Structure formats: structure tokens, C-alpha cells
2 protein chains.
Amino acid sequence: MSPARTTAGAPISSIGRGIAVLGCFNERRRALTLSELSEKSLLPMSSTHRVVAELVTGGFLVRGSDRRYRIGTRVWSIGQLAPVSDQLRHRALPTLARLYEETGENITLAVLDRGQALYVDRIGGERSVHTASRAGGHLPLHTTGVGKVLLAWQSPEAIEKYLSRPLSRTTPYSIVDPVKLKTELNETKTRGYAIARQESTAGNGSVAVPILRGGRCVAALGVVAHLTHMDIPRLVDVLQQAADSIRKELEDDH
Amino acid sequence: MSPARTTAGAPISSIGRGIAVLGCFNERRRALTLSELSEKSLLPMSSTHRVVAELVTGGFLVRGSDRRYRIGTRVWSIGQLAPVSDQLRHRALPTLARLYEETGENITLAVLDRGQALYVDRIGGERSVHTASRAGGHLPLHTTGVGKVLLAWQSPEAIEKYLSRPLSRTTPYSIVDPVKLKTELNETKTRGYAIARQESTAGNGSVAVPILRGGRCVAALGVVAHLTHMDIPRLVDVLQQAADSIRKELEDDH
DNA sequence: AAATAGGTTCCAATGACCGGAACTCTACTC
DNA sequence: GAGTAGAGTTCCGGTCATTGGAACCTATTT
């Protein structure tokens, strides 16, 4: 029998296979059949079947009456213990709520995660525009305000590495030229905040500022709004105050 | 070499081991050293070391500068896709917020998970009392309002099974006698709501109602408050309205 | 009734996983 | 700064859990 390896050829551990199966799920695909899991995880059906059964036993997957698998409650429960939820999210929440009251626009908080912007929280409602971001979801680093901030405050090497890979185009306004993006990132870091104009969603723009701790950018705070009613100077002002307030909150205890 | 098995003697899969390691974390212990993980997971140090390394590679664990391991952001991110978060929590949130505005007390939403009450959400603040519940955390089924509701609406067999195991005592007021608890559960189901008086936290009481879908209790909605200012009839009234509103919300789209 | 797709079980072969032991590193103590 | 304890890491031979192809179910469609 051939050893444990993906079709790509790289050997992979049993635990890696389990994680690969769990990683098949995303916002678009929250309920998957066994075949779909087998296809996406690149594992043979029989292997997928066994891995899935073990994940179900452990409470990491649940099988619905529709024969589809969904992420189990236990993953959610354990995930609540992650520092990003337990520390950042909880401490920032009151400030995010206040920002929303002040602006009436969508407020987003994101961190860098595996080369993408991970949305830790999003506060907003019918009063504001519809956005692509969603708590727990990922978006590219070069098409949103928070993404640009997270990238701009990275080390030059990390930035180069990001620029070396092809940049996805989400809208016609997305900056996909590495040279232009590099200039944009430099400007962002110099002026202290990022702006995105219809680079992620048509009609929407965003402004974002970093939350800095010890020189490192631990998160980015942003506002998403219709380009037409975006008072940038005012938004930058309230955002920077809020970022400062979150930073202090984080410093308070450890 | 002996096969893969816990000290208890039962064989366990590699994936089971990974889950066992992740299961070592809880609200009290969010950062664990390798030795602690080895001790709690009942795995030998060398095995723990390997499993942990694989989980780190997969982004399910992170190693801090303090040499302690924490739950990785990726678990949080994937956990957001669990139906309990994605469906129940998001849909119920506005109603919970409204309930909080109306009562000024801690509002809790819980589901049954592995024989315990899993707190899906908790809204409250300085205006109200301090409670033991926390989003993502578990509490026993027999010492809280929401717990009693979740248990009372279970099948008679499931209730018997729960009663057959020893009942933990959290406070001197906790009901730990199976016969008394059974009576309490019957009363709870008949009257349509549960009451708990200092059974979980001294000085606090709670009232809870079920959220029913197709006869099944899919969640429990509760209020926690000082026993002295608990207007039970009024709380039951607002809770039942809110539960109904959440039920409709859940029915709206599939 | 046949065909198709999706899901499950079986099983021989084997190499990934297992954990004891040896070793290294770190943090104290004296 | 030598000594020591504890934590963490690496090594490695043996073995059995894991693997995936194949066969087998079971709905659903034609």
C-alpha cells in the first residue's frame, strides 16, 4: 500500500489530514457531503470516510439529517479560547460599539492570519452598507483598508514576499500591480492610515488605522462606508482615538 | 512497542489524540506548557510533543514566547462556521440585545452540548450581577435556569441517564438529590419555564425558557439577576416573547 | 430495470506512528 | 560558576494502526 501522502506528493500526518478536512469548510461552504470533502481535501473516499468518522466522534464535525457534515459545536467552543477571541475581541468590543454609534457605519477589526486579513469582528447594520467582511472570514491584504494596514506595518521582507505572488483582482479598482501597491503601502505607513476605494466592493470605500503595541501592528481597525459619504479626516480622527483606546485596554492587564 | 492507547487502555486514533490535546484547554487554562498537556491528555511526553508540533503546523495551536501553547486563531476562524455560531447566535443577537435593554440584567443563550449547558452568548455588563457563564463555556445542567430547561425538554431516557450519574454540588443550594431534581424538572416542563435560586452562584437567581422548534428544545434563553430584584412573572413574560421572536427568526430561512 | 452516484465496509500490506531512553537546554540553587 | 532539577527535544527499532483499492451497499434517476 502506498504511504500516507497527498496527491501532491508531500507526506502528511494523520492529524494534518484531520485539519485538512476541517479546512475544507468556509463561509461559502458550511455544509459538505463526504464526496465534496474527499474532493477538496484531496484524500481518497475511504480515507476521508475514516477521518470524518473520527472527527465526528471527537465532536469536531456533525452529520446533519441531510447527510451533510458541518463544523461541530466543540470547535466553536474551543475556538473561543483563542487569544484573538478571548483577548482582542472581547476587549475591543465596547469601543467598536461606540464607534458604530458615532459613525453609523460598518466597523471592522482584523488581524493578520496566514497571509490574509482575518476579520475578528464586524459591527454594523441596516443603517450602513453591505460589506464582504464577516467575523471569522478572510479577505486579501491588498484590497481593503484593514488589509493594507496589516501589510504596510509588516517587515519589508514580508511585504516583498507578499508582492512576489500574483495579486488577486476583486474589482476593476483593485491594485494588482506590485509596484503601485508598494508605493501605496509606503504612503499608508507614512500617513498613518490606509484608504481603499472600491477595491473590494463596488461603491464602497474604507479607512483603517493600526493598533500598535511595542511597534508591532497587532490589529487593524477600519470603517467601511459608501464612497460618497466618507468624511476621511473625521473618520481617521475617530478611528485613531478608538485604536488608542483599544491599545490601552490591551495593555491594562498583561 | 505498545500500540497507541491511553493509559486507560482504550485504543485511540491519531486524530483522537489531536482532539484530546486541544480538549485540555478550557476557560481556566488557556495557556499550557508541553508537560501540562502531556499530563492532562494522558499521553507520553514524546507523543505529546509530536502531536503538538503537528497541531502547530496546522495552525490549531500557537506557541507563545512564554513557551506556553494557546489555541490558534484558525480554530476560532473555523469555529465561526459551526451552526451554533453561524445560525443560532447571529440570529438571536438582536433579540438578546433588546432583552438586555429591557431588563438591564444578564441575558444568556445556551444549547445542550455533551451533557452540559454550552453558553452560546451572554449579554450583560456592569449594570447587572457577575455570573459564572461565559460564551463558549460549559456549566452543569442541574444548577442553572437554562440548564434545567435544556434537561427538562430532553427525552425521559436522557433525563434518567443524567440523573443516574452523581450530581455535582456548586453551592449549598444546588439540587443534588436525583428524586428532588426529577420533580423539579417535571414542574419546569409543566409550567413552561425554569427557576434557579442560588444553585450556581450565591445571591443570584435565574429564570429560563425553551426555544422550541418542531417540539424539540433547540436552545434555552435565560436571565440571571440578584434574587432580590427578580420579578419572575415579568421576566417569564419578556423571555417568552423573546424566545418566540428567536424561533421565528430561525424559521425564516431554513 | 438498469444505470449512476454517493456512501460504506473489507482487507492485505506497510511505513507512519509509537514511546522508552538518551540527550540537550533552561532556570535555579548554593 | 559548578551542580542540579526539570522541561523539552531527538533518536530509533518494532509493530500495529493506518492506508486506499476494490467490492459492496443504497438511494435516486432515467
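Note that the structure is predicted; figures quoted are calculated from it, not measured. In what follows, every heavy atom counts, from backbone to side chain, and hydrogens, waters and symmetry copies are set aside.
- The distance from atom CZ of B/Arg17 to atom P of D/dC16 is 14 Å, rounded to the nearest whole Å.
- In this structure, B/Ser77 contributes its side chain and B/Arg74 its backbone to no donor-acceptor pair below 3.5 Å.
- Counting only distance, with no hydrogens or angles, the side chain of A/Arg30 and the backbone of A/Glu27 share a donor-acceptor pair below 3.5 Å.
- The CG atom of A/Leu43 sits 14 Å away from the P atom of D/dT18 (whole-angstrom rounding).
- Heavy atoms only, all atoms of each residue included: B/Gly79 and A/Ile71 are closest at CA-CG2, 4.4 Å.
- B/Thr144 approaches B/Pro140 most closely through the heavy-atom pair OG1-O, 4.0 Å.
- Minimum interatomic distance between B/Val209 and B/Val149 (heavy atoms only, all atoms of both residues): C-CG1, 3.9 Å.
- Across the protein-nucleic acid pair, B/Leu61 atom CG and D/dG8 atom P stand 14 Å apart, rounded to whole Å.
- Between D/dT19 and A/Ser14, a contact under 4.0 Å exists linking OP1 or OP2 to a side-chain N or O.
- Taking 4.0 Å as the cut-off between side-chain N and carboxylate O, B/Arg247 and B/Glu251 count as a salt-bridged pair.
- Taking atom CD1 of A/Ile15 as the reference point, atom C1' of C/dA16 lies 12 Å away to the nearest angstrom.
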What pairs of nitrogen or oxygen atoms, one from the protein and one from nucleotides 6-9 of chain C, lie under 3.5 Å apart?
from	atom 1	to	atom 2	distance (Å)
C/dG7	OP2	A/Ser35	N	3.0
C/dG7	OP2	A/Ser35	OG	2.3
C/dT8	OP1	A/Arg63	NH1	2.8
C/dT8	OP1	A/Arg63	NH2	3.0
C/dT8	OP2	A/His49	NE2	3.3
C/dT8	O5'	A/His49	NE2	3.3

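- Taking atom CG on A/Asp66 and atom C1' on D/dA27, their separation rounds to 15 Å, with Å as the unit.
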